[in-house]
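The structure appears below as structure tokens.
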Amino acid sequence: MSESVSEQEIVRRQKLAKLKELGIEPYGEKYQVTHCATDVIGRFVALEGQPLLLAGRLMTIRTHGKASFANLQDESGQIQIYLRLDDLGEKNYMIFELLDMGDIIGVSGEAFRTRRGEVTVAVKEFRLLAKSLRPLPEKWHGLTSVDLRYRQRYLDLIVNPDVKKVFILRSRIVQEIRNYLNGLAFLEVETPVMHTLTGGASARPFITHHNALEMQLYLRIATELHLKRLIVGGMDKVYELGRIFRNEGISTRHNPEFTSVEIYQAQADYLDMMILTEELVSTVAQKVFGTMKLLFQGTEMDLTPPWPRMTMVAAIKQFAGIDFNEIITDEDARSVAVEKGLTIKPGMLRGEVMNEIFEEFVENRLFQPTFIVDYPLEVSPLAKRKTDDPSMTYRFEAFMACSEIANAFTELNDPLDQRQRFEWQMAKREAGDEEAQMLDEDFLHSLEYGMPPTGGLGIGIDRLVMILTDSPSIRDVILFPTMRPRD
RNA sequence: GAACCAUUAGCUCAGUCGGCAGAGCACCUGACUCUUAAUCAGGGUGUCGAUGGUUCGAGUCCAUCAUGGCUCACCA
């Protein structure tokens, strides 16, 4: 933010000084409001002629000599106010003339209808609650600079009313997710954000340092391993809704810190998690939007359960024309991928290649809610192997609007198998894969006491909110997205 | 991390072939007691993102850098 003061800011500071000279406190005490703007408009018939107290920000001012109209904006919306010299007296009217757009005032008066029919508050008294020293963005176009909108979200919220709607919806979506899970007797818990090692997902972490312990700490990239420890401890239905951090690029679908909800249920499997996913998402949509059919970027999406299920192998066969039932070796898999034009790292395993092909050719075809089930072992280090095919796992991901919104599996509860999977991950780490997971000895230790059969599910809240609110960028659903600081 | 686009007044944006820095809103001065993008009469308030270069002369052309957007890569 620049230190320089524009001419307009100088004028406002002069007005501030003048108000003080007149004995006006420019940053007043709280104003005891009785109504909000939309209240007065919506209940005009009942409220006409009643004393009303409102407070808000002056958004427009239209002076006509000895009378003025202005628009007052509070949290509910805007209402027109009308101030006359005859009603206010000369001194107060002069004080009003020292106000600017953006100032926050409290008004008391009565509602009436203008000749043009607009519900308006005829102000008898007003009080300055906060003087605004900077001009607001322009009133027709508002604030459109995407950069400034994110950096100065408060301005965005003041002048672009639709922005607030999205964040109200976000809040309600999160609230309904909690309601739904609490209703099923899931217990909301909080686990550490700072980890001594990273796991539960494949991602590079943020690193920080604890002075007293003189140790390196990582910001969590997932909540999974702690929640499963709770399952070991006998907390049979738990969830955590919170922020996780991944040290990766920024895009319209990625922010370095984002919100996930992870849900774990003992004596459940991935099939139960599938039902939970479709019921949760469709119920939330029904409660928040009153429908399970939503538009996303112009196309209708039907969230009504049950959602279609398709194995990854079948999906690849359908959309990429490759039949992985006939591809046995890693080498064959790699050459098929190369034929399809993919760049494949040397030494990639069959399952990893399969996942690459899926992401390249299938993901962007999954607009309607769809479950893709049975993921290869190689890309699922925490999921249980299928008994009839140990190269695959009991895992699914849910897709909506061509975006992955949920990832779930029957949790691997065999400590020996889990140790081996970690060892594979560590080998990948040593081979230079910074996203590979670290061996979590303490987690293995807990598994060795015995973890019941468990279903686990993770949902990306930001992605889900994006899709449900028809927002094209993740930054539209994060109040303060990560930005490089400006000098 | 790579390509492309953008950066000019408080905000939204024009700026032609390289020749005095522009508009609307906002702001300032004045008029106006039912306006609502109020109106009317005046007033331009600027480090043209930064630094170099080419040129008699650069907002404009070139190079580098910065920031943002977008597409891709990575990922969720």
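The basis for the numbers below is simple: all heavy atoms, side chains too, and nothing from hydrogens, waters or symmetry mates. Being a predicted model, the structure only gives us computed values, none of them experimental. Below, chains carry the letters A, B, ... as their sequence lines are ordered, and counting in each starts from 1.
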- Message: Using the side chain to side chain contact (heavy atoms under 4.5 Å, CB included) criterion, which residues pair with A/Asp272? Sequence neighbours excluded.
- Response: A/Ala268, A/Asp269

- Does any residue of residues 350-381 of chain A have a heavy atom under 4.0 Å from RNA chain B, and if so, which ones, in number order? none

- Scoring nucleotides 31-36 of chain B by protein non-hydrogen atoms under 4.0 Å (B base, S sugar-phosphate only, - none) yields -BBBBB

- Task: Sequence neighbours left out, what pairs pass salt bridge (Lys or Arg N to Asp or Glu O under 4.0 Å) with at least one residue falling in residues 245-257 of chain A?
- Result: A/Arg243-A/Glu257

- If a protein heavy atom is under 4.0 Å from the base, mark B; if only from the sugar-phosphate, S; if neither, -; do that for nucleotides 3-12 of chain B going 5' to 3'. -------BBS

- Message: With salt bridge (Lys or Arg N to Asp or Glu O under 4.0 Å) as the rule and sequence neighbours excluded, what pairs involving residues 459-474 of chain A come up?
- Response: A/Arg170-A/Asp462

- Under the side chain to side chain contact (heavy atoms under 4.5 Å, CB included) test, residues paired with A/Gln78 that sit two or more places apart: A/Met59, A/Asn71, A/Gln73

- Could you note down all residue pairs passing salt bridge (Lys or Arg N to Asp or Glu O under 4.0 Å) where residues 347-369 of chain A supplies at least one of them, sequence neighbours left out? A/Glu352-A/Lys428

- Task: Give the stems involving RNA chain B, where a stem is 3 or more consecutive Watson-Crick or G-U wobble pairs (i with j, i+1 with j-1, and so on) under 3.5 Å.
- Result: B:4-7 with B:66-69, B:10-13 with B:22-25, B:27-31 with B:39-43, B:49-53 with B:61-65

- Query: How are the rings of A/Tyr375 and A/Phe358 set relative to one another: parallel (under 30°), tilted (30 to 60°) or perpendicular (over 60°)?
  - Reply: perpendicular

- side chain to side chain contact (heavy atoms under 4.5 Å, CB included) partners for A/Glu138, two or more places apart: A/Trp140, A/His141

- Message: Checking A/Leu53 now: which residues fulfil side chain to side chain contact (heavy atoms under 4.5 Å, CB included) with it, not counting sequence neighbours?
- Response: A/Tyr31, A/Thr34, A/Ser108

- If you look only at pairs with a residue in residues 372-383 of chain A, which of them pass as a salt bridge (Lys or Arg N to Asp or Glu O under 4.0 Å), with sequence neighbours excluded? A/Asp374-A/Lys386

